[in-house]
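Hydrogens, waters and symmetry mates are skipped; everything else that's a heavy atom, side chains included, is used. Just so it is clear: chains get the letters A, B, ... in the order the sequence lines come, proteins before strands, and each one is counted from 1.
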Amino acid sequence: MTTLILYALLKIAGFVLGYVMLTATLLTWIERKQSALAQDRIGPARASIMGLRLGGLLHIPADAIKSFTKEDFIPDTPNPWLFKFAPVIAFIPAFVMFAVIPFGPGDLIISSASFGVLFILAVTGISVYGATLAGWASNSSLSLLGGLRAAAQMISYEVTMGLSLVGIFMVYEDVNLQNVVIRQGSNVLNWGIVTQPLAFFLFLAAVIAETKRGPFDVAEGESELVAGYFTEYSAMRFAMFMLGEFIAIVGVSAVLVTFFLGGWQVPGLEETGGWYTVLQVSAFALKTWFLCWLQLMIRWTLPRFRYDQIMHLGWRILLPLSLLNVLVTGIVLAIIHG
Amino acid sequence: MNPIYDPYLPLGILLLLAIGLGLAIIFLNGILGPKRMSKEKSTPFECGNDPGTNPRQRFDVKFYLTALFFIIFDVEVVFLFPWAVLYREQLLAGNGWFFFAEMVFFLGILTVGLAYVWKRGALDWE
């Protein structure tokens, strides 16, 4: 029992607290640098220790210290407890999502539960509450609108998110993510992005809408709603929304990698164990970083959609397309095996 | 069952850790940060103006409608998962077209529902 808990803690420490948290905190800096590059600015470069600036990298600890020492402000609201715990509710789902994502071969997965992706879908469902409760409890019109927009947008794209994965389950016959990765194998032509190309783009669009980023960020649309559902938040509660968002970026990148880019598989490498495992874990890390960067790139390349355009895209384009994807996958598989 | 592969224990540990970390961050901030409340400060932020609208007003019924559609469609999506996992197995067992027809029937009902809400203008956001 003790070994069991220690083993689980080791995996959590290495993967979630190590890799994921490190990536998420670095992303706060990379996002600002990336946007600076995209807009021909220098970006963060002020924080320094004895003249040492490290290209703005010191803004990460500076921001952490600043958020921790600012006033934990609670506005005059009829729902103070909802207001207090909404950031925690927004933060937890992003964090526990990694439990079922395999980061290496064998038992390099925190929980090898058979329900796999159902857990991810359930947990992303909970993350809707964080934004909505925050918007409702803030007792501000701007926050309420942001919260409502976030809720309607997230649940709309959740349908596409689930439906676009049906094709993947038809091809790989499992909802456990480790088994999906094993069935994809080391042959690139058998990876999800080749066998389910349409599903990849549908799922990518759905998860970006789900994280309320990129062209789908009307929920916080600063030109209309100040900061949307977290307008009234300050200090660490505000930082938890941001941290949750950046962890969610890493999370959806890891899910995308797992389903569509072969997870930890290295092209052409069949063996596992020893140095091969190290190589495969690194492959997973690199692929996830690439997709994180891709999401930042998308955010700073595309202009924000209007809200009716978002709902139009979700219900009238992505949903019929994902239904079509299931149908076509069914026909193709029936022809291959029939 | 090999206890190493007990999947629920690590899940529980991670969940507790997430809740604990979340609460610890908030708690630490409460200790380190100053407390300077005032009446003006606790009014809703509307760019310095006095709050013009009551935040507890009625909002568009479309948000409720979207939530209803979500429940309908998302539950149906979940029903598709077991079917999708078994599909290839059933194909190889020889009763693939029957299994396929079942899904087409099910998706057909789903599509009719979507076409109906579409036609009624429930998906229009203006």
Side-chain angles (χ1 to χ4, degrees), chain A residues 4-5 7-9 11-12 16 68-72 75-76 88 91-92 95-96 99 107 110-113 118 139-142 144 148 151-152 155-156 158-159 162-163 166 169-170 173-175 226 231-232 235-237 240 307-308 311-312 315-316 319-320 323 326-327 330 333-334 337-338, chain B residues 3-11 13-15 17-19 21-23 25-26 28-30 32-36 41-47 51 53 55 59 63 66-67 69-70 73-74 77-78 80-81 84-85 87-89 91-92 96-97 100 103-104 107 110-111 114 118 123 125-126:
Chain A
L4 205 63
I5 293 173
Y7 190 54
L9 279 176
K11 282 192 285 193
I12 290 170
V16 183
F68 267 115
T69 51
K70 286 284 171 181
E71 179 178 353
D72 183 17
D76 191 10
V88 186
F91 172 78
I92 291 169
F95 203 81
V96 293
D107 58 352
I110 291 167
S111 165
S112 56
L118 296 180
N139 197 28
S140 152
S141 301
L142 303 169
L144 179 69
L148 285 174
I155 59 178
S156 296
E158 230 161 85
V159 180
L163 209 52
V166 171
F169 303 144
M170 288 162 80
E173 299 174 79
D174 213 315
V175 292
V226 187
T231 302
E232 298 289 332
M236 217 49 216
R237 287 184 211 271
M240 277 182 87
Y307 197 67
D308 61 317
M311 299 311 267
H312 178 84
W315 285 102
R316 297 188 187 168
L319 182 60
L323 287 170
V326 175
L327 195 70
L333 281 178
H337 295 291
Chain B
I4 291 288
Y5 293 106
D6 173 24
Y8 300 102
L9 181 70
L11 204 63
I13 294 174
L14 186 61
L15 191 62
L17 198 76
I19 296 170
L21 195 66
L23 294 180
I25 290 173
I26 298 285
L28 206 63
N29 185 204
L32 293 174
K35 284 267 176 232
R36 281 191 287 272
K41 202 168 165 184
S42 61
T43 53
F45 177 82
E46 283 185 18
C47 309
T53 48
F59 52 82
F63 291 108
T66 309
F69 299 153
F70 162 71
F73 285 100
D74 211 42
V77 167
V78 173
L80 270 178
F81 283 4
V85 171
Y87 184 57
R88 267 173 104 143
E89 196 184 304
L91 279 179
L92 294 171
W97 286 110
F100 179 69
M103 184 273 290
V104 172
L107 281 188
L110 198 70
T111 314
L114 182 67
W118 190 324
L123 302 179
W125 287 77
E126 279 305 319

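In terms of heavy atoms, P34(B) sits closest to T69(A) at CD-O, 3.3 Å. When all heavy atoms of E173(A) and V85(B) are compared, the pair lying nearest together is O-CG1, 3.5 Å. Minimum heavy-atom separation, R237(A) to N29(B): N-OD1, 4.4 Å. Residues Y87(B) and G330(A) come closest through the heavy atom pair OH-O, 2.7 Å. Closest of all the heavy-atom pairs between F100(B) and L327(A) is CE1-O, 4.0 Å. Listed here is the closest heavy atom pair of P10(B) and I12(A): O-CD1, 4.0 Å.
The line from CZ of F95(A) to CD1 of I19(B) is 11.0 Å long, rounded to the nearest 0.5 Å. Interatomic distance, F70(B) CZ to S156(A) OG, rounded to the nearest 0.5 Å: 9.0 Å. To the nearest 0.5 Å, the span separating CD1 on I92(A) from CG on L17(B) amounts to 10.5 Å. Rounding to the nearest 0.5 Å gives a distance of 8.0 Å between CE of M170(A) and CG of L91(B).
Within the 4.5 Å cutoff, side-chain heavy atoms of M311(A) are placed close to those of T66(B).
Proximity to chain B (any heavy atom under 4.5 Å) is restricted, for F91(A), to the side chain, taken from C-beta onward. In this structure, the portions of N139(A) lying under 4.5 Å from any heavy atom of chain B include both its backbone and its side chain. The contact between V166(A) and chain B is made by backbone and side chain atoms together, counting heavy-atom distances below 4.5 Å. Of the atoms belonging to I155(A), heavy atoms from both backbone and side chain fall under 4.5 Å from chain B. Proximity to chain B (any heavy atom under 4.5 Å) is shown, for V159(A), by both the backbone and the side chain. Within the 4.5 angstrom heavy-atom criterion, atoms from both the backbone and the side chain of I25(B) approach chain A.
Your options are M240(A), M236(A), H312(A), and the one with the most heavy-atom pairs under 4.5 Å with chain B is M236(A). The candidate from L110(B), L15(B), T111(B) with the greatest count of non-hydrogen atom pairs under 4.5 Å with chain A is L15(B). Among I26(B), L80(B), D74(B), the residue with the largest count of heavy-atom pairs under 4.5 Å with chain A is I26(B). Contacts with chain A were tallied for F73(B), F69(B), W118(B); W118(B) has the most, counting heavy-atom pairs under 4.5 Å. The candidate from L319(A), L148(A), L144(A), V88(A) with the greatest count of non-hydrogen atom pairs under 4.5 Å with chain B is L148(A).
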